[in-house]
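Side-chain atoms are counted along with the backbone in the values below, which use heavy atoms only and exclude waters and symmetry mates. Treat the numbers as computed from the prediction; the structure is a model and nothing was measured. Order of the sequence lines fixes the chain letters, A, B, ..., with proteins taken first and strands second; residue numbering starts at 1 for each chain.
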Protein chains: 2
Amino acid sequence: MLSITEENYLKALFRLTCEEVGKTDAGTNEIAAQLDVKPATASDMLRKLKEKKLIEYEKYGKSMLTRRGKKMAMEIVRKHRLWETFLYEKLGFTWDEVHEVAEQLEHIQSQKLIERLNTFLGNPKYDPHGDLIPQADGEFKLIEKKTLNDIAEGETCLVVGVSDNSAEFLQYVDGLSIAIHRPLKVVSRKPFDAILEIEVKGKRSAISARLADHIFVSREVKKAAKM
Amino acid sequence: MLSITEENYLKALFRLTCEEVGKTDAGTNEIAAQLDVKPATASDMLRKLKEKKLIEYEKYGKSMLTRRGKKMAMEIVRKHRLWETFLYEKLGFTWDEVHEVAEQLEHIQSQKLIERLNTFLGNPKYDPHGDLIPQADGEFKLIEKKTLNDIAEGETCLVVGVSDNSAEFLQYVDGLSIAIHRPLKVVSRKPFDAILEIEVKGKRSAISARLADHIFVSREVKKAAKM
DNA sequence: AAGTTTTGTTAGATTAGTCTAACTTTAATA
DNA sequence: TATTAAAGTTAGACTAATCTAACAAAACTT
Ligand SMILES: [Mn+2]
Ligand SMILES: [Mn+2]
Ligand SMILES: [Mn+2]
Ligand SMILES: [Mn+2]
């Protein structure tokens, strides 16, 4: 069984490669930064994970997950996102509060627990941030997401996620009434100033193009769900 | 903040003293046995916990929790038992399955999580083994429990707990239809052979006095709960 | 191509938690 | 009381995970 630390390295590598479009491997410094450790520390661990055949890695080279490593990484991400969903749906945590606690819960070892939790939550497809939850069979397809900057003036789209999960960011967009699965209209654009005027739940706000780039949307507005 | 290991030492000491009638302190070997480590290891940690003012301890002496140590130990026990209740009530785990997973979950650090979980479970008083759940304010009174051996022939009592939480024991008593909050009748006793004949849910079985000693009961059968 | 910057590794030290083996103190017993 | 047994501690070693400092390789830049 893997240590919590080893699990965190696999997860970091998963996020840096499998969840990043057009990226198949990651460098040592990058991995170290993701985990908030020094490159020397990561270098050591990468050698160890290669021994365990969880990653492919050669001295001075880039790292990538093996099939086995990817499977294990995905299980951790699955647990993380199922717990986030639990905290949000069942315990009334807010968008920005779930991640920190899920970082701990994702390391609980019990196959049965995670299967039961999944059933209890009704086999959810997405977590509260709109991120896809990997399925038990290892099914996981990365959807390339459009950002708010891809939406034309006057169009209405649906918020499906964000690329910044910091509490500050989440609280800020919350203040603009932006939330997952909520329609959002791009009222106007000021290209010269790189500012968008948006409308959510009848409330108008101005946001920068930089911020808009962190908001993932789908073009079609979903029909209202049946009762 | 305490490490998981430190938390486990506090919990072990709590179980050996505060939850054991007529016992106010515990020896180093005893504590080591409870945690499945060598006495040398425990000895080291006890010195460390004394430094942190979590226990009272002098070289070659017995250990006991300080007020602060007891408060922290109780919080861990509270978390353990709330998680056991969650697994049992919400995820359909069986009596004997909950403990192992709760040993992990009890170390998750989040005040908010445990408060919300408590509310979600309806502020339960007892865990699935019939053990009292310490309350958030530190309220916890040890109830001296009667065992099945205290019940006279022909009397019916209510099962309220067990003193052996091993999976083997729990599965065995499960097979006799014995469960928490279920009425149990002592049909007859064979004092010479130290065997009791009991009846639960219309099913008769014979059990040894040794086993009966591990089954806690209350004398009065509770009235059927209202719908 | 040479020099410089960035990236990555190695060596050596540190901390927490564990062990074994040897030793010391306290308790029990003859 | 003297001896033995049980309980507890100390010393020294080990592992995992981290760091800093020094070094090496690879990648840019001029
Ligand atoms: Mn998260
Ligand atoms: Mn998420
Ligand atoms: Mn338990
Ligand atoms: Mn219990």
Side-chain angles (χ1 to χ4, degrees), chain A residues 1-13 15-17 20 23-65 69 72-73 76 103-104 106-109, chain B residues 1-13 15-17 20 23-65 69 72-73 76 103-104 106-109:
Chain A
M1 221 192 16
L2 300 184
S3 70
I4 289 179
T5 307
E6 290 170 321
E7 289 199 341
N8 281 334
Y9 276 85
L10 292 186
K11 188 177 54 139
L13 194 46
R15 304 225 51 179
L16 288 172
T17 58
E20 216 54 58
K23 208 148 174 311
T24 57
D25 51 24
T28 305
N29 285 357
E30 210 178 346
I31 295 167
Q34 178 84 17
L35 289 161
D36 204 20
V37 298
K38 301 294 168 189
T41 308
S43 198
D44 245 25
M45 181 59 90
L46 291 174
R47 197 176 27 68
K48 191 171 144 196
L49 291 174
K50 177 209 163 82
E51 290 307 308
K52 295 198 177 187
K53 298 199 197 306
L54 293 166
I55 68 170
E56 277 167 50
Y57 160 76
E58 294 303 331
K59 228 161 93 166
Y60 293 106
K62 305 278 181 184
S63 301
M64 67 190 330
L65 293 164
M72 302 194 83
I76 302 156
E103 286 289 307
Q104 299 178 61
E106 71 190 1
H107 301 293
I108 303 291
Q109 300 291 346
Chain B
M1 219 191 18
L2 300 184
S3 70
I4 290 178
T5 308
E6 290 169 322
E7 289 197 342
N8 282 332
Y9 276 85
L10 292 186
K11 189 177 53 139
L13 195 45
R15 305 225 50 180
L16 288 172
T17 56
E20 216 55 57
K23 207 147 176 308
T24 57
D25 51 23
T28 304
N29 285 357
E30 208 178 349
I31 295 167
Q34 177 85 13
L35 289 161
D36 204 20
V37 298
K38 302 294 166 190
T41 308
S43 197
D44 244 24
M45 182 59 90
L46 292 174
R47 198 178 25 70
K48 191 171 146 197
L49 291 174
K50 178 209 163 84
E51 289 307 307
K52 294 198 177 187
K53 298 196 198 308
L54 294 166
I55 68 170
E56 277 167 49
Y57 160 78
E58 293 305 332
K59 228 160 92 166
Y60 294 104
K62 306 277 182 188
S63 301
M64 68 189 329
L65 293 164
M72 304 195 82
I76 301 157
E103 285 290 307
Q104 299 177 61
E106 71 190 3
H107 301 293
I108 302 292
Q109 300 291 346

Inset, instruction - Tell me, please, which residues at least two apart from A:Glu58 pass side-chain hydrogen bond (donor to acceptor under 3.5 Å, both in side chains). - result: A:Lys50
Inset, instruction - Please figure out whether B:Ser43 or A:Ala40 has its closest DNA chain D nucleotide nearer the 5' end. - result: B:Ser43
Legend entry - Distance, rounded to the nearest Å, where B:Lys62 contributes NZ and D:dA6 contributes P: 15 Å
Legend entry - DNA chain C contacts among residues 51-61 of chain B, heavy-atom distance under 4.0 Å: B:Tyr60
Inset, instruction - Name all residues meeting the side-chain contact (heavy atoms from CB on, under 4.5 Å) criterion together with A:Glu30; count only those two or more places apart in sequence or in a different chain, and write none if there are none. - result: A:Leu16, A:Lys23, A:Ala26
Legend entry - Options D:dT18, D:dG8, C:dT18, nucleotide nearest the side-chain atoms of B:Tyr9: C:dT18
Inset, instruction - For B:Thr5, report the nucleic acid contact type (base, sugar-phosphate, nothing); a contact means any heavy atom under 4.0 Å. - result: sugar-phosphate
Inset, instruction - Kindly indicate whether the side chain of A:Leu54, heavy atoms from C-beta on, has any atom under 4.5 Å from the side chain of A:Leu2. - result: yes
Legend entry - C:dA16 phosphate, OP1 or OP2, under 4.0 Å from B:Ser3 side-chain N/O: no
Inset, instruction - Take atom NZ of A:Lys50 and atom C1' of C:dT9, then tell me their distance rounded to the nearest Å. - result: 15 Å
Inset, instruction - Any pair with a residue in residues 34-47 of chain A that passes salt bridge (Lys or Arg N to Asp or Glu O under 4.0 Å), sequence neighbours left out, goes on the list, sorted by first then second residue, please. - result: A:Asp44-A:Arg47
Inset, instruction - Give me the residues of residues 24-36 of chain B where at least one heavy atom lies under 4.0 Å from an atom of DNA chain D, by number, or none. - result: B:Gly27, B:Thr28, B:Asn29
Inset, instruction - Tell me, please, which residues at least two apart from A:Lys53 pass salt bridge (Lys or Arg N to Asp or Glu O under 4.0 Å). - result: none
Legend entry - For A:Gln34, all residues meeting side-chain hydrogen bond (donor to acceptor under 3.5 Å, both in side chains), sequence neighbours excluded: none
Legend entry - Nearest-angstrom distance from the residue atom CG of B:Leu46 to C1' of C:dT18: 15 Å
Inset, instruction - Please list, chain by chain and in numerical order, all residues satisfying side-chain hydrogen bond (donor to acceptor under 3.5 Å, both in side chains) with B:Glu56, sequence neighbours excluded. - result: none
Inset, instruction - Consider the side chain of A:Asp44, meaning its heavy atoms from C-beta on, and name the nucleotide among D:dT18, D:dT10, C:dT18 that approaches it most closely. - result: D:dT18
Legend entry - Presence of A:Thr41 side-chain N/O under 4.0 Å of D:dT18 phosphate oxygens OP1/OP2: no
Legend entry - Gap between atoms NZ and P, on A:Lys38 and D:dA21 respectively (whole Å): 11 Å
Legend entry - Minimum side-chain heavy-atom gap A:Val37-A:Tyr9 below 4.5 Å: yes
Inset, instruction - Mind calculating the distance between CD1 (A:Ile4) and C1' (C:dA16) to the nearest angstrom? - result: 15 Å
Legend entry - side-chain hydrogen bond (donor to acceptor under 3.5 Å, both in side chains) involving B:Glu106 - partner list, sequence neighbours excluded: B:Lys11, B:His80
Legend entry - Atom-pair distance (CE on B:Met45; P on C:dC19), nearest Å: 11 Å
